[in-house]
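Each chain gets a letter, A, B and so on, in the order the sequences are listed, and its residues count up from 1. Just so it is clear, the structure is predicted and the values come from calculations on it, not from any experiment.
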Amino acid sequence: MTLALDFISDQQTPTADRVTLFVDVILPLPLPRLYTYRVPFELNDRVVIGGRVIVQFGAKKTLSCIVAAVHEQAPKEYQAKYILEFIDDAPVVTQPQLKLFRWMAEYYLCTLGEVINAALPSALKLSSESRIQLHPAFERDTNEYPMTSQEDKILDALGALEDAKSLTFTEVGDLLGVASFHKVIKSLMHKEAIFLFEHTADKYSPKVLKKVRLHGRHLTESNLERLFEDLTSKPKQLDVLMKYLQRVPVYQDEHANHRGLEKAYLTSSPHLSPSAVNTLIKNGILEQFDQIVSRFPMDENPIAHIQFELSESQTAARDEIMTYFGEKDIVLLHGVTGSGKTEIYIDLIRQALDGGGQVLYLLPEIALTTQIVTRLLRVFGSRLGIYHSKFSDNERVEVWNGVLSGRFQVVIGVRSAVFLPFDNLGLLIVDEEHESSYKQYEPAPRYNAREVALMMGNFQGAKVLLGSATPAVETYYQAKQGRYGLVTLSKRFGEAGMPDIELIDTRKQREQKTMHNHFSADLLGEIERKLGAKEQVILFQNRRGYAPVVACQDCGWIPKCNNCAVSLSYHKHSHELRCHYCGYHESMVTKCPACGSRAVKTVGFGTEKIEDDLKIMLPQASVQRMDLDTTRAKNAYQQIISDFEKQVTNVLVGTQMVTKGLDFANVSLVGIINADSIIHYPDFRAHERAYQMFVQVSGRAGRKGKKGKVLIQTSDPTQVIFDKVIRNDYLEFYNYEIMQRQEHGYPPFMRIIKMTVKHMEQGLCEQAAIALTGELVDRLGRAAVLGPEAPYIFRIRNFYIQEITIKLDRAHTVLKHAKLMITEAMDAVKDQKEFRQARLVPDVDPM
DNA sequence: AGCACGCCGACT
DNA sequence: GTCGGCGTGCTC
C-alpha cells in the first residue's frame with residue numbers, strides 16, 4: 001500500500017504507519033459482483049474474513065454481509081462507504097467454505113449472494129433490521145448538544161414509544177421521508193442520545209430450561225429434618241419435596257442438588273400440585289434457576305465404543321474401501337439393499353474421527369427420519385450433529401455453531417448440510433448417492449449435494465465414500481473408468497435373501513375380470529395372506545391425491561388449473577380439486593359447468609384412492625398413507641413410521657417416500673400398483689429412475705431372515721427393464737443404459753446444461769427462447785444446442801416455459817469457456833428490452 | 001432483490 | 001391541473 005493513496009482517500013491526519021483497510025463483502029442478494037467497503041481505522045483489528053459486518057447498501061438498506069476479502073486497494077472509480085458495524089469477532093463462514101461457495105457460484109452459474117443466502121440459516125442473516133433505542137443516560141432537557149429538526153423528530157418518536165422503545169432503520173427512514181438517515185443516526189449516537197443495538201444481530205435465542213433445586217440452607221441433615229417438621233401441616237408441599245429428594249440424591253452426590261431438577265418434572269407430575277411447587281419456590285425452600293440447554297439433548301456420555309460386529313463380507317468391504325483410500329480419494333460402495341452399509345459407514349466414521357478429521361454424512365431427507373439417527377447417536381453421542389430440513393432456524397444455528405466450535409465432529413444431514421462450516425473434513429459419505437433429492441431445482445443455487453461433497457473432499461483433502469444399491473449411471477461409469485474405487489457388496493446382511501419379484505399382467509387380468517379396482521386378485525390375495533400371518537405390507541403408487549383427473553362423462557370437460565397447464569387432481573379427504581404445481585384449489589365440482597351433466601367422474605388413481613379402496617376391500621387391515629399430503633407437519637413422518645414400526649398399522653400406502661431407506665423387519669410384501677406410469681417418462685433418465693425405484697422399493701421387502709415378495713402390476717410385462725429388476729442385475733442394466741447414453745450423447749459422455757425461459761406471455765416466451773437459442777448457437781455452435789421446446793407442462797404459476805438443452809464435452813476447459821459463453825448469451829438476450837421480463841434460468845447437470 | 005427516478009392515464 | 005401506474009437502472 002502506498003502512502004500517497006492513503007493521503008488522498010483518508011481525510012484524517014495520516015500517520016506514517018496508518019493503514020486503510022477495505023473489505024470485499026458478499027451481499028445476500030443475487031448480484032454478480034462483490035462490493036467494497038472501507039473499514040473505520042479504529043476498527044481495523046476487528047476485521048475478520050468470514051465474519052459478518054453491517055453496511056449501508058443504496059440509500060435505505062442496511063444489510064449484514066460476509067467479509068470475503070480484506071485488502072488495501074482503495075477503489076478508484078468511487079468512494080467506498082464505511083462499514084457501520086462489526087458483528088463477529090470470529091468467522092461464521094470458514095475459509096474452506098468461501099472457496100467452496102465461490103466454486104458453487106461459478107459451476108452452477110449463479111451469484112455468490114445466492115449461495116450465501118442458501119447457506120446461512122436465516123437467524124445468522126439478520127437482514128435490514130438494525131434498531132435504535134434512547135440512550136439510558138440521555139436527558140433531553142439538560143443535554144448540551146443542539147438538535148436538528150430531523151434529530152428532534154427521531155427523539156420525539158422514540159420518546160413516544162411505550163413498551164418497544166426502539167425503532168428499526170426502516171422505520172427511521174420512513175419517519176424522515178427519504179435521504180441518508182444514517183448521518184442523523186450517527187450524529188445522535190455521537191451526542192449519546194441513542195444507541196444502536198447490534199443484537200439485532202442474533203435472532204438466535206438459546207433454549208432455556210426452567211429448573212429448581214433445594215435452597216442451600218436446607219442442605220444439612222438437621223435443617224432438612226426441621227423443614228420436614230415445618231411442612232407436616234402442608235401435605236401437598238411435602239409431596240413435592242419428597243418427590244424432589246427421590247429424584248435428586250442430595251446426599252449421595254454433592255453436585256446433584258446444584259444440578260437440580262427440571263421444574264416441569266414436578267409441575268406436570270400427575271400426583272403433585274403445581275401450585276405447591278410455586279409456593280415452595282416463593283418461600284425460598286426451592287430455588288428456581290434457568291439453564292441454557294442444547295436443542296439436541298443427548299446422552300452426555302455416549303455408550304463408549306459400542307462394538308459392532310461387522311460380518312465377514314462387511315469387514316472385507318471395509319478393508320477394500322480403506323485400501324482404495326490409500327490411492328484414490330473417492331470410492332463407490334455398491335451394496336444391495338439390506339447389505340448393511342450403515343455399519344461400514346460407522347466403522348469408517350470412527351476411523352476418520354480417530355484421525356482427527358470431521359465427518360459429513362449425507363442422506364436423503366426421508367432416510368434421516370428413520371432409525372439411522374438413533375443408531376448414530378448411540379455410537380457418537382454428543383459429537384453428532386443432525387441437520388434436517390424440518391429443523392427450526394434456531395436448531396440450524398445451533399448445529400452451525402456446533403460445527404464451528406468443534407462440538408460436533410460428525411454431522412448427519414440432508415442436502416443443505418454441505419453448507420455447514422467445516423474446515424477439517426476427513427471423510428464425507430454420500431449415502432443413496434443416486435438420489436435426485438440431492439439436486440436442488442429451485443431456487444438458485446441449483447446444486448447437487450453429491451457433486452458439492454466431491455468438491456469439498458477435493459478442497460479439504462478428505463476422502464469421499466458414495467454409497468448406493470442402485471448407483472447413478474454417471475457414478476458407476478466413473479468407477480468403471482478407474483477414477484473412483486469400486487467396492488461391491490452383493491449379499492444381504494444376516495440370513496435375508498433377496499426378495500422374489502413377480503410381475504402381474506393387469507391387461508390380462510382385466511380381460512379375465514380378475515381386477516378389483518386397481519388391485520389384481522393376486523395382489524389382493526397376497527396382501528390378505530400376509531396380514532393373516534401378522535406380517536406387514538408396503539404399497540407403492542407414484543401419485544398422490546385420489547385421482548389425477550376428473551372428467552365429465554357426457555361432454556368430456558376436464559377441470560384445469562387457472563395458473564398452470566395441468567388438469568386438477570381430486571383430493572377426496574378435503575373434497576377439493578388441487579393443482580400439484582401451484583397449490584391452487586377449489587371445491588370439487590358435482591355438476592359439469594360446460595353441459596350441466598352430473599356425471600362427473602374421476603379418472604386414474606392416486607395414493608388416496610388406493611388407501612380408500614383397500615380399507616373397503618380389507619376392512620380388517622389398518623392402512624396408513626404416507627405422501628406429501630400426510631407428512632406436511634413437522635413430526636408427521638416420525639409418527640407414521642413409528643406407528644408402522646410398532647405395527648399399529650400394517651399396510652403402508654405411499655408415493656416415492658416409501659421407497660427410500662425405510663427399514664422394517666416385518667415387511668414381507670411390497671406391491672407396486674402401477675409400474676407403467678413410472679417407466680413412461682419423456683426423459684433420458686426415465687429408465688434409470690424406473691430401475692432405481694423398482695429396486696429400492698423391492699428392497700423394503702424381507703429383512704432379518706424373512707424372504708420378501710414383490711408384486712409389480714403392469715400392463716406390459718415384456719418390457720426389458722423388468723427382466724433386469726427381477727434378476728437383480730445392476731450390471732446388465734448398467735451395460736445397456738451406458739450404451740444408450742453413449743449412442744445418444746448423454747451424461748456421462750456429455751455434460752448437460754438446461755436453460756429454462758419463463759415469461760408471462762406465451763409469444764414473448766417463445767421469442768425470447770428463440771433469441772437465446774440464437775445467441776447460444778452463435779457462441780457454442782449449432783450442434784451443442786437443442787431446442788427451444790415447450791415442456792409437457794408448458795405453463796406453471798402463470799409463466800409460460802420454454803426449454804433449451806445444451807450438450808457439452810466433459811473437458812473442464814470446454815466447460816469453463818462454455819459457461820462464459822452462456823452468461824454472455826443470457827446478457828445479450830437480457831439487453832433486448834422486449835425481453836426484459838423474461839426469466840432465464842440455467843440449470844447445470846439437471847436431473 | 002429492493003427501491004428511486006422517470007414518463008403516461010383517471011381523479012380531487 | 002395532480003397522484004400514481006410500474007418500466008429500468010443502480011447499489012461499493
Side-chain angles (χ1 to χ4, degrees), chain A residues 5-6 8-11 20-41 43-44 47 49 51-86 101 105 108-120 122 124-130 168-183 186 442-446 758-761 764 767-768 797-799 826-842:
Chain A
L5 256 177
D6 247 353
I8 299 160
S9 60
D10 198 336
Q11 254 104 52
T20 304
L21 293 180
F22 295 88
V23 296
D24 296 336
V25 299
I26 308 170
L27 292 160
L29 299 173
L31 298 167
R33 274 166 297 116
L34 298 183
Y35 285 74
T36 305
Y37 284 84
R38 182 170 170 175
V39 180
F41 175 73
L43 298 171
N44 270 4
V47 180
I49 291 185
R52 290 169 302 170
V53 293
I54 298 179
V55 298
Q56 174 134 58
F57 186 62
K60 271 189 145 178
K61 261 178 298 183
T62 328
L63 297 168
S64 81
C65 48
I66 300 287
V67 175
V70 182
H71 56 83
E72 297 174 24
Q73 264 81 60
K76 292 190 180 70
E77 307 86 58
Y78 54 86
Q79 186 76 44
K81 285 185 183 171
Y82 279 99
I83 289 174
L84 302 182
E85 294 286 339
F86 285 81
F101 293 173
Y108 291 108
L109 292 168
C110 68
T111 67
L112 258 178
E114 287 169 319
V115 179
I116 280 285
N117 243 343
L120 293 188
S122 52
L124 288 179
K125 278 187 236 164
L126 83 144
S127 47
S128 65
E129 296 313 307
S130 308
T168 66
F169 274 27
T170 330
E171 286 165 345
V172 173
D174 292 345
L175 206 65
L176 299 182
V178 268
S180 60
F181 56 87
H182 197 262
K183 267 201 192 112
K186 218 170 170 182
E442 246 348 289
R446 297 173 174 77
K758 299 183 191 177
H759 202 290
M760 297 271 259
E761 281 175 64
L764 281 169
Q767 285 172 44
R797 292 169 192 271
N798 285 319
F799 277 88
M826 287 197 291
D827 290 343
V829 174
K830 278 305 223 179
D831 282 348
Q832 290 165 253
K833 64 174 185 302
E834 64 267 42
F835 299 137
R836 242 29 247 256
Q837 302 210 49
R839 305 226 313 115
L840 311 179
V841 182

If I compare all heavy atoms of P30(A) with all of T111(A), which pair ends up nearest, and what's the gap?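 Smallest interatomic distance, heavy atoms only, reads CA-OG1, 3.3 Å.
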Donor-acceptor contact below 3.5 Å, side chain D24(A) vs main chain A68(A):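 No; judged by distance alone, with no hydrogens or angles, the pair does not exist.
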Aromatic plane relationship, Y35(A) with F57(A) - under 30° parallel, 30 to 60° tilted, over 60° perpendicular: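 Aromatic pair F57(A)/Y35(A) classed perpendicular.
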List, with names and distances, any nitrogen or oxygen atoms from the protein found under 3.5 Å away from nitrogen or oxygen atoms belonging to nucleotides 7-12 of chain C.
from	atom 1	to	atom 2	distance (Å)
dT11(C)	O3'	G58(A)	N	3.1
dC12(C)	OP1	Y37(A)	OH	3.2
dC12(C)	OP1	G58(A)	N	3.4
dC12(C)	OP2	K81(A)	NZ	2.4
dC12(C)	O3'	T36(A)	O	2.8
dC12(C)	O3'	K81(A)	N	2.7
dC12(C)	O2	T36(A)	N	2.9
dC12(C)	O2	Y78(A)	OH	2.2
dC12(C)	N3	Y78(A)	OH	3.2
dC12(C)	N4	R33(A)	NH1	2.9

Is there side-chain contact between V67(A) and Y37(A), with heavy atoms separated by less than 4.5 Å?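 Counting from C-beta outward, V67(A) and Y37(A) never come under 4.5 Å.
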Rounded to the nearest Å, what distance is computed from the CG atom of residue N117(A) to the P atom of nucleotide dA1(B)?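 In whole Å, dA1(B) P lies 10 Å from N117(A) CG.
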salt_bridge(R797(A), E442(A)) N-O dist < 4.0 Å: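 Not counted as a salt bridge, because no side-chain N and carboxylate O are separated by less than 4.0 Å.
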